Amino acid sequence: MKILITGNLGYIGPVVSKYLKNVNKSNHLTGLDNAFFAHCLTAPLFSPEAYVDVQYKMDVRQVDEPFLQQFDAIVHLAAVSNDPMGNKFERVTDEINHLASVLLAQKAAAAGVKTFVFASSCSIYGFADGGPRKETDPLNPLTAYAKSKVATENGLASLSGTSDMTITALRFSTACGMSDRLRLDLVLNDFVASAFSSGKITVLSDGSPWRPLIDVKDMARAIEWALTRKKETGGKYLAVNIGRNDFNYQVKDIAQVVADVLPGTEISINVNAQPDKRSYRVDFNLFSQLAPDHQPQVNLYQSAVEIKEGLTRMHFADINFRESQLIRLKVLEKLMNESRINANLEWIL
Ligand SMILES: NC(=O)c1ccc[n+]([C@@H]2O[C@H](COP(=O)([O-])OP(=O)(O)OC[C@H]3O[C@@H](n4cnc5c(N)ncnc54)[C@H](O)[C@@H]3O)[C@@H](O)[C@H]2O)c1
């Protein structure tokens, strides 16, 4: 299969490229990325782009229809990819994550691309009191990032009414785990880095909020399923929660697992904190019914061990890592302060 992976030079991309190449050597992979984080490598044994056959440094807003005619499938990861960046770059977040994503899918359909896989997010459920959220439950996106994902899903659903392309919106749990471009702006990764460098984890909430987590390797497994699923399995357009029912965790439990992996870690919980608005549990029954052979396999403990091993390889010791290039917002701010990119997230160089 000839597959275009947008946003492949990020956190998840290197893991996805490796997985898709290993699962089927005849997969021909083309990467397309604006390269904002290309330099943020975290001690890979060799370049993660060795798994990619062709690499473009390109803005997803510039892609045209003739370029897309060569591909059977698109895995669309490129995005302003978390709440802090979405809050800082609100208008551009809508432009890239929503408008450019729907346009990309429209051009792909017109170009004859058969399969489109979109990286959506469970954060679209927002604050969700009560039981675990199902795909049919109301959405409550609280941030510019989450709103951009909802708007894209809506655009893709309506495109599906007029095209033959099989479209899957994968509503991913919060990512965790080791990558050749590790990020420390994710809850588990932050806790491991904090325990590793300072021997402490400071939980800002009272520890009760729920988060569904998924290891990056299991995200790759789900993407491979979406690339190969038939329309009969889930329909021509499908939005599905990606994770596992027993991988919904409370933040205090995430901290405890990290302390198990790094014995001696001190955990401090803010018992007087206001309720955290980003608490939600998610129901993954639909995914387990549709994709029994592609279920998440990496548990929290294993993910934490692999991050610890990665940090060891990196000789990691930075207690100020929240100011470092392992935090995506800091990378964009630095590029902007040095006038490398403008407020529209375009390169000036
Ligand atoms: N990390 C998570 O917890 C999580 C959870 C759910 C969904 N997702 C989604 O998965 C996708 C990948 O996430 P990630 O964690 O690897 O993010 P990331 O920020 O590490 O990578 C995104 C990549 O997209 C590229 N990009 C951004 N704007 C671009 C543009 N205009 N043109 C071309 N490339 C552009 C960036 O350079 C970056 O390499 C995103 O769509 C994200 O929203 C992530």
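If you're wondering where the values come from, they're calculated on a predicted model, not measured in any experiment. Counting starts at 1 for both ligands and their atoms, in listed order. Heavy-atom basis, side chains included; hydrogens, waters and symmetry copies ignored.
With a 6.0 Å cutoff to the six-membered ring centre and a 45° limit on the axis angle, Arg183 counts as a cation-pi contact of Phe37.
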Give the table of side-chain donor-acceptor pairs shorter than 3.5 Å for residues 5-17, with sequence neighbours excluded, one pair per line with atom names and distance.
from  : atom 1 : to     : atom 2 : distance (Å)
Thr6  : OG1    : His76  : ND1    : 2.7
Thr6  : OG1    : Leu77  : N      : 3.0
Thr6  : OG1    : Ala78  : N      : 3.1
Asn8  : OD1    : Leu32  : N      : 3.3
Asn8  : OD1    : Gln55  : NE2    : 3.1
Asn8  : ND2    : Gln55  : OE1    : 2.8
Tyr11 : OH     : Cys176 : O      : 3.3
Tyr11 : OH     : Gly177 : N      : 3.2
Tyr11 : OH     : Gly177 : O      : 2.7
Tyr11 : OH     : Asn189 : ND2    : 3.1
Ser17 : OG     : Gly13  : O      : 3.0

Can I get a per-line list of side-chain donor-acceptor pairs under 3.5 Å for residues 159-167, giving both atom names and the distance, sequence neighbours left out?
from   : atom 1 : to     : atom 2 : distance (Å)
Thr162 : OG1    : Leu159 : O      : 3.0
Ser163 : OG     : Met165 : N      : 3.2

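Asn82 pairs by the side chain to side chain donor-acceptor pair (under 3.5 Å) definition with Asp185, not counting sequence neighbours.
Contact residues for ligand 1 (protein heavy atom closer than 4.0 angstrom to any ligand atom): Gly7, Leu9, Gly10, Tyr11, Ile12, Asp33, Asn34, Ala35, Phe36, Phe37, Met58, Asp59, Val60, Arg61, Leu77, Ala78, Ala79, Ser81, Ile96, Ala119, Ser120, Ser121, Tyr145, Lys149, Phe172, Ser173, Thr174, Ala175, Arg183, Leu186, Arg328.
The line from OG1 of Thr143 to CE of Met85 is 11.5 Å long, rounded to the nearest 0.5 Å. Here the OG atom belonging to Ser198 is positioned 11.0 Å from the CG atom belonging to Asp318, to the nearest 0.5 angstrom.
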